[in-house]
**Q** 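Have a look at this one.
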Amino acid sequence: MAKVRLENINRVYNQAVAIADISFEIPDGEFWVLVGPSGCGKSTILRTIAGLESATSGNIYIGDRLVNNVPARQRDVAMVFQNYALYPHMTVAQNIGFGLKMRQVDSNIIKQRVLEVARSLSLEHLLERTPKQLSGGQQQRVALGRAIARQAEVFLLDEPLSNLDAQLRDDTRAELKQLHHNLRNTTVYVTHDQVEAMTLADKIVVLEKGRIQQIGDPQTIYSQPANRMVATFIGNPPMNILPAKFLGKQFDIWGQMIPVGDNMGKMADLNIPVGQVVELGIRPEYMTLAENGDEEGDKPLLLVEVKVVEPLGRETLIRAGIPGSMTILNIQTSANIRPQPGDRLHLLLDLQHLFVFDGETGKRLFPLV
Ligand SMILES: Nc1ncnc2c1ncn2[C@@H]1O[C@H](COP(=O)(O)OP(=O)(O)O)[C@@H](O)[C@H]1O
Ligand SMILES: [Mg+2]
């Protein structure tokens with residue numbers, strides 16, 4: 001196994017920047033997830049590590065070896081693609097053993113290794129079938145098995161679950177996690193699905209427009225997003241974003257005044273000019289329906305108008321607008337709460353969990369650390 005290090009990797013296609021200034025080091029044995037919207041450069045990074053693309057500039061190390069000029073097949077990486085590309089005329093066993101056969105490994109060793117891998121993926125009863133006799137999930141496991149059998153230094157997985165239906169995707173995701181727990185191979189996993197990123201990763205690399213937005217463990221990414229993009233991309237339903245004007249002791253949100261409250265002391269250090277337009281961020285779980293009596297005193301209440309009510313069984317999701325604006329909020333409430341579209345509600349904001357983002361750059365201004 002090996003660590004993987006990228007140093008200032010850039011890739012330009014016809015003068016368009018696909019990835020810019022990508023640097024990180026994955027310690028030996030860790031599972032890292034590259035996540036971001038479609039087109040943000042995830043596959044380009046992965047293919048560059050694999051040696052299927054060359055970087056316009058920058059260095060890539062696998063272990064301590066600089067591999068910039070090492071061809072793909074000598075990099076000792078195993079890659080699994082979204083469309084898993086099994087050999088249709090070969091059996092499952094032959095598919096799993098293919099990489100070993102190419103390396104002229106002894107056929108008895110291949111046989112034994114294929115069996116071991118097939119067992120670890122619950123495929124041993126399918127070894128004589130061909131891919132078209134398998135379900136999508138089984139095919140996906142065979143593709144993984146082919147990578148595992150190779151015992152490569154590094155695993156590269158590009159959206160490996162996106163062709164599976166929802167239930168199977170969840171199951172295979174859990175299997176992958178268990179597999180990594182057992183094998184401990186250095187893995188780079190690409191997905192646009194933030195749930196996969198959160199559930200699988202030791203570290204998440206959030207990308208947008210070819211640039212790294214933040215690198216961190218899942219909990220840090222969730223609770224201390226570096227900017228608005230990370231804040232709204234990770235988490236479902238997403239963090240609510242409210243345009244607001246900073247008035248020193250309160251925020252003006254479309255004419256509604258929200259006190260800065262206990263955050264005052266810490267906020268003073270920020271030197272945000274009074275009158276500055278910012279964006280407030282607050283996750284759905286930190287907005288609750290106000291109760292009788294909340295109106296008294298200086299509590300942070302926000303009046304909203306219900307647009308859509310989505311009962312989900314365990315909870316009810318409410319989409320509501322701030323009157324006089326286009327701003328829509330997601331609110332999670334208990335299942336027994338069923339307001340009607342058009343109802344007006346007061347939300348109580350938990351300001352302990354308030355973020356302030358720069359209105360222009362999206363950078364997190366508050367909290368500072
Ligand atoms: N072979 C290519 N030729 C030209 N542009 C490309 C090529 N491959 C990728 N790109 C561009 O690079 C950017 C990143 O693409 P990609 O890495 O595939 O994104 P992702 O995997 O995150 O969806 C996109 O704008 C894409 O159009
Ligand atoms: Mg891609």
Side-chain angles (χ1 to χ4, degrees), residues 37 194 206 208 213-214 216 219-291 294-308 315 317-333 339 344-369:
Q194 57 90 24
V206 185
E208 188 186 45
Q213 305 297 310
Q214 190 170 6
Q219 195 52 46
T220 304
I221 295 277
Y222 187 82
S223 59
Q224 298 166 45
N227 59 38
R228 179 197 155 132
M229 184 267 156
V230 176
T232 52
F233 192 79
I234 303 286
N236 184 30
M239 184 185 288
N240 293 304
I241 299 289
L242 310 167
K245 193 187 270 186
F246 181 61
L247 297 181
K249 289 185 178 158
Q250 52 197 0
F251 291 103
D252 175 349
I253 304 175
W254 300 107
Q256 300 191 50
M257 297 302 156
I258 299 290
V260 172
D262 292 344
N263 292 323
M264 198 71 208
K266 282 181 270 170
M267 210 121 183
D269 299 339
L270 299 180
N271 299 318
I272 303 176
V274 169
Q276 171 101 5
V277 175
V278 295
E279 288 181 315
L280 304 183
I282 187 157
R283 292 207 180 273
E285 58 265 40
Y286 298 121
M287 300 181 129
T288 48
L289 298 190
E291 291 168 10
D294 280 342
E295 285 85 357
E296 288 147 34
D298 198 18
K299 288 192 175 158
L301 294 181
L302 191 65
L303 180 72
V304 296
E305 184 175 309
V306 174
K307 303 278 184 202
V308 182
E315 62 187 10
L317 192 60
I318 301 170
R319 291 177 204 272
I322 299 178
S325 81
M326 301 289 282
T327 303
I328 298 287
L329 305 181
N330 289 300
I331 308 150
Q332 281 169 298
T333 64
R344 289 195 164 195
L345 306 170
H346 275 104
L347 299 176
L348 180 62
L349 312 187
D350 180 351
L351 296 183
Q352 292 295 320
H353 297 276
L354 181 77
F355 292 95
V356 182
F357 300 106
D358 188 302
E360 275 170 28
T361 65
K363 189 171 170 289
R364 188 180 84 205
L365 301 174
F366 181 83
L368 272 176
V369 275

**Q** In Å, rounded to the nearest 0.5 Å, how long is the span from OG1 of Thr232 to CD1 of Ile241?
**A** 6.0 Å

**Q** Contact between Asp252 and Met257 at the side-chain level, heavy atoms closer than 4.5 Å - yes or no?
**A** yes

**Q** Taking atom CG of Leu242 and atom CG of Leu329, what is their separation to the nearest 0.5 Å?
**A** 5.5 Å

**Q** Over 60° means perpendicular and under 30° means parallel, so classify the ring planes of Phe246 and Phe251, tilted if in between.
**A** tilted

**Q** Which heavy atom in Phe357 sits nearest to a heavy atom in Ala231, and how many Å separate them?
**A** CZ-CB, 3.6 Å

**Q** Using a 3.5 Å distance criterion without hydrogens, assess whether the side chain of Gln256 forms a donor-acceptor pair with backbone atoms of Val304.
**A** no

**Q** Heavy atoms only: give me the nearest Pro284-Pro237 pair and the separation to one decimal.
**A** CG-O, 3.7 Å

**Q** Out of curiosity, Asp358 CG to Ile272 CD1, how far, rounded to the nearest 0.5 Å?
**A** 9.0 Å

**Q** Is there a donor-acceptor contact under 3.5 Å linking the side chains of Arg319 and Asn330?
**A** yes

**Q** Look up atom CD in Gln276 and atom CG in Asn271, then write down how far apart they are to the nearest 0.5 Å.
**A** 11.5 Å

**Q** Nearest 0.5 Å please: distance from the CD1 atom of Ile253 over to the CG atom of Leu280.
**A** 5.0 Å

**Q** Looking at every non-hydrogen atom in both residues, tell me the closest pair between Arg283 and Ile234 and how far apart they are.
**A** NH1-O, 3.1 Å

**Q** Is Gln214 reaching over with its side chain to a backbone N or O of Ala226, donor-acceptor style, under 3.5 angstrom?
**A** yes

**Q** Do you know which two heavy atoms are closest between Pro300 and Pro259, and how far apart they sit?
**A** CA-CD, 3.9 Å

**Q** Are Met287 and Leu348 packed together at the side-chain level, in the sense that at least one heavy-atom pair is separated by less than 4.5 angstrom?
**A** no

**Q** First locate atom CG of Asn227, then atom CZ of Arg364, and finally report the distance between them rounded to the nearest 0.5 Å.
**A** 9.5 Å

**Q** Of all heavy-atom pairs between Pro225 and Met239, which one has the smallest distance, and what is that distance?
**A** CG-CE, 4.2 Å

**Q** Phe355 and Phe366: aromatic ring centres closer than 6.0 Å?
**A** no

**Q** Return yes if some donor-acceptor pair links the side-chain N/O of Gln194 with the main-chain N/O of Gly235 below 3.5 Å, else return no.
**A** yes

**Q** Is the shortest heavy-atom distance from the side chain of Met326 to the side chain of Pro243 under 4.5 Å?
**A** no

**Q** Over all heavy atoms of both residues, which pair between Ile328 and Asn240 is shortest? Give the atoms and the distance, please.
**A** O-OD1, 4.3 Å

**Q** Main chain of Ile322, side chain of Ser325: is a donor-acceptor contact present, judged purely on distance under 3.5 Å?
**A** yes

**Q** Under the criterion side chain to side chain contact (heavy atoms under 4.5 Å, CB included), which of Ile318, Leu347, Thr288 is the partner of Thr333?
**A** Ile318

